[in-house]
Amino acid sequence: MDNDYFSVEAILAENQKIQCTFKQEIPGMGHLAGGSDRDIAVLSKVQLPMWLAYIVIYSDWADFNIPPPFGLKVRNALNAEATSVRLSNLVGSDGSWYGFGKMIMDMLSEPQGTEMSKMMTTAFKARITELVDQAQHFAALGPGGAGGSSGDTAQLFRQGLDTTERELFLLAQESAKRIKTWYEENSKSRQ
């Protein structure tokens, strides 16, 4: 995902909220906390969208906690069975888990950022094989689809795909269809 001004994925990822803990009092900005207070007090915890959190954190007015979609519970689930984790549910409907993660990773210190990068890379590698396999399988089935209990498991996996993974799924599916068409056309010409 690019941090491009016109990128819908970047816009959606920047609207994800993170919890910031303010280090100093911010006068006249109490409305950001959603309450009736006029000011933001020291040690106040406020959920801010990423686009605003950047300014607040880099101005050294606040610190932030790593959001739950990248916390220990999710890391353990990814380590146990990466394909069973529904990444799309972690960051909202049709969310960009990888895109949001990259934004968080860019704000972290070197050791934490490197650890998060490894976690996301490992998750992606563990899921990509299943993703391509299912894309090829469903491309071979054609418009009819699949059923049965294995189809239910596959459907749950596809529903949990992140936006990046969905794009790759569609590309892999289209690629498999084109290869099948090419192969069938070449088989006919050899006969």
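- Note that CE of Met120 and CE of Met116 are 5.5 Å apart. Values are rounded to the nearest 0.5 Å.
- For the residue pair Thr83 / Glu81, a side-chain donor-acceptor distance below 3.5 Å is found, with atom types taken as modelled.
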- side chain to side chain donor-acceptor pair (under 3.5 Å) evaluation trace for Glu185 with Thr181: CA-CA 6 Å; Glu185 289 172 1; Thr181 302; 5.8 Å; no
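- Trp97 contributes atom CH2, which lies 13.5 Å from atom CG of Asn89 (distance to the nearest 0.5 angstrom).
- Within a 6.0 Å sphere centred on CD of Glu110, other residues, nucleotides and ligands contribute 12 heavy atoms or fewer.
- To the nearest 0.5 Å, atoms CE (Met103) and OG (Ser96) are separated by 8.0 Å.
- Atom CG of Leu171 sits about 8.5 Å away from atom CD of Glu174, to the nearest 0.5 Å.
- Annotation: side chain to side chain donor-acceptor pair (under 3.5 Å) contacts involving residues 117-129, sequence neighbours excluded, comprise Arg127-Glu165.
- Under a hydrophobic clustering in which Ile, Leu, Val, Met, Phe, Trp and Tyr are joined whenever their side-chain heavy atoms come within less than 4.5 Å, directly or via other members, Leu43 and Met29 fall into different clusters.
- Side-chain atoms of Ser84 do not come within 3.5 Å of backbone N or O of Ala77 as any donor-acceptor pair.
- Cluster annotation: Ile179 is not connected to Phe169 through the hydrophobic network of ILVMFWY side chains, with a link wherever side-chain heavy atoms come within less than 4.5 Å.
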Taking distance alone, no hydrogens or angles, what donor-acceptor pairs closer than 3.5 Å link side-chain atoms of residues 56-72 to residues at least two apart or in another chain?
from	atom 1	to	atom 2	distance (Å)
Ser59	OG	Ile55	O	2.7
Asp60	OD1	Lys23	NZ	2.4
Asp63	OD1	Lys23	NZ	3.3

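- Heavy-atom minimum distance, Arg166 versus Gln159: NH2-O, 4.0 Å.
- Every salt bridge (charged side-chain N to carboxylate O under 4.0 Å, His left out) that Arg75 has, sequence neighbours left out, goes to Glu115.
- The main-chain N or O of Arg158 is never found under 3.5 Å from a side-chain atom of Gln134 such that the two would form a donor-acceptor pair.
- Rounded to the nearest 0.5 Å, atoms CD (Gln173) and CD (Gln136) are 10.5 Å apart.
- Here Leu161 contributes atom CG and Leu170 contributes atom CG; the two are 9.5 Å apart, rounded to the nearest 0.5 Å.
- Phe100 has its side chain within reach of Ile18: a pair of non-hydrogen atoms, C-beta onward, lies under 4.5 Å apart.
- Around the CZ atom of Arg86, the shell of radius 6.0 Å holds more than 12 heavy atoms that belong to other residues, nucleotides or ligands.
- Side-chain N or O atoms of Asp162 include none that pairs as donor or acceptor with a backbone N or O of Ser88 at under 3.5 Å.
- Shortest non-hydrogen contact noted between Asp39 and Gly28 is OD1-N, 2.7 Å.
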